[in-house]
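Following: one structure in structure tokens, then a few remarks.
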Amino acid sequence: MGITDAEFMQRAIALARRGHGQTAPNPMVGAVIVRDGEVVAEGYHARYGEAHAEAAALLAAGERSRGATVYVSLEPCTHTGKTPPCADALLAAGVARVVVAARDPNPEAGGGVARLRSAGVEVVEGVEEEAARELNAPFFHHFESPPEQRRPWVALKLALSIDGAVADASGDSKWITGVEARAAGHELRAGSDAVAVGVGTVLADDPSLTVRDAPAPRVPPIRVVFDREARMPPGSRLVASAREIPTLVMVRDPETAAARALEHSGAQLVRAPSLEGALEELSRRGVRSLLVEGGARIAGALLARALVDRLIIFQGAVLLGHGALGAFDHVPSESIARAPRYRVLERRSLGDDTMITYAIRSACLPA
């Protein structure tokens, strides 16, 4: 039995993941060229500004692409940006069939399917679409959201104990999870436009929010602190390095003395009367994907306002017991009958720890 379209597309999506942290604001895209049932070339978008997946695969295939089938995880583009249109490159190469996982929601780049079909190329759509959209969820979210309601795609990441705590009774949260789980957390940072915490986490842990235990992203993520009253110490790691790495402090009133002190130290103040307003402002500043790393108060506020798209739980193999700070102590209570049931998108074992990704928002398929 031969390999199916779905299996070839799964390979294209796996290739696309190799661009993690390197392609934004472009999406991650992979391509596989198949002729007579055999893979003749592969390619992926390795870095923003460099060759797109289709172009890389076509270059590797050469004349073997003529009459072949091309599997691509996103609709071939039709616009000239830093690279020529991929749809035109496919036509020039003489491919016979193109299998596309998902349409491109960017109005400037979309239209490749129509162009290929009008030139007589057979096009199949929707193969492994959900997986392709999930891979680039922030990209789809940005272009499919109404401009007046646009906010980043929010992933809430929490490291908690077996009994659901994010810190012990003394307030210490280092380290609930082990080395492998922490490295996975840094991979999440590397794939995000911005990383955020509440001021409580800054006061308790003094984090740096940099990418260390993962390949460095092309652009380091912006650091964001939700700090309505500007309580963050000017001597904190985030403020001390704010002139090197952009650090936004979301405050209610940027004119207070405490806020001005942070600004004088290099932090950028952003007036944000509400969480919704803060997220909208981040979107206006080009943030499409936001990784929120806690603590419990900001997690509760985001969940209560339905502002979380993915919940990522790292559960450590440790029991903290009575008095420990519960991860969801600030989430409004709900009855079992009325509580939402979240779909598990991924479950990974990381040493003795477990990473589970939940879909809080419905699966990212178009309405």
Are [X] and [Y] side-chain neighbours, meaning at least one heavy-atom pair lies under 4.5 Å?
X      : Y      : value
Ile33  : Thr69  : no
Ile222 : Asp193 : no
Val292 : Ile298 : yes
Ser265 : Pro234 : yes
Arg17  : Leu135 : yes
Pro233 : Leu203 : yes
Gln268 : Thr247 : no
Glu130 : Arg133 : no

So which atom in [X] and which in [Y] form the shortest heavy-atom distance, rounded to 0.1 Å?
X      : Y      : result
Ala41  : Ala57  : CB-O, 3.4 Å
Val202 : Met232 : CG1-CG, 3.6 Å
Pro254 : Ala259 : O-CB, 3.6 Å
His45  : Thr23  : O-CG2, 3.2 Å
Arg35  : Ala68  : CB-CB, 4.1 Å
Arg103 : Leu74  : O-CD1, 3.8 Å

Partners meeting side chain to side chain contact (heavy atoms under 4.5 Å, CB included) with Ala55 (sequence neighbours left out):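 Result, side chain to side chain contact (heavy atoms under 4.5 Å, CB included) vs Ala55: Ala51.
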Report yes or no: do [X] and [Y] form a side-chain donor-acceptor pair below 3.5 Å?
X      : Y      : value
Thr256 : Arg252 : no
Thr4   : Glu7   : yes
Arg47  : Gln22  : yes

Report yes or no: do [X] and [Y] belong to one cluster of Ile/Leu/Val/Met/Phe/Trp/Tyr joined by side chain heavy-atom distances under 4.5 Å?
X      : Y      : value
Val287 : Val195 : no
Val224 : Leu279 : yes
Leu345 : Met28  : no

Does the structure place the NZ or CZ of Arg288 under 6.0 Å from the centre of the six-membered ring of Trp153, at an angle of no more than 45° from the ring's axis?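 Here Arg288 fails the 6.0 Å and 45° test against Trp153.
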Rounded at 0.5 Å granularity, tell me how far NZ in Lys174 sits from CZ in Arg182.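 Atom-to-atom, Lys174:NZ and Arg182:CZ are 10.0 Å apart.
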Which residues satisfy the side-chain hydrogen bond (donor to acceptor under 3.5 Å, both in side chains) test with Asp163, sequence neighbours excluded?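 Checked Asp163 against side-chain hydrogen bond (donor to acceptor under 3.5 Å, both in side chains); matches are Ser161.
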Please name all residues satisfying salt bridge (Lys or Arg N to Asp or Glu O under 4.0 Å) with Arg223, sequence neighbours left out, ordered by chain then number.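 Counting only residues at least two positions away or on another chain, Arg223 forms no salt bridge (Lys or Arg N to Asp or Glu O under 4.0 Å).
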From the options Ile162, Leu160, Ile176, select the one residue that forms a side chain to side chain contact (heavy atoms under 4.5 Å, CB included) with Val318.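 Single pass found, and it is Ile176.
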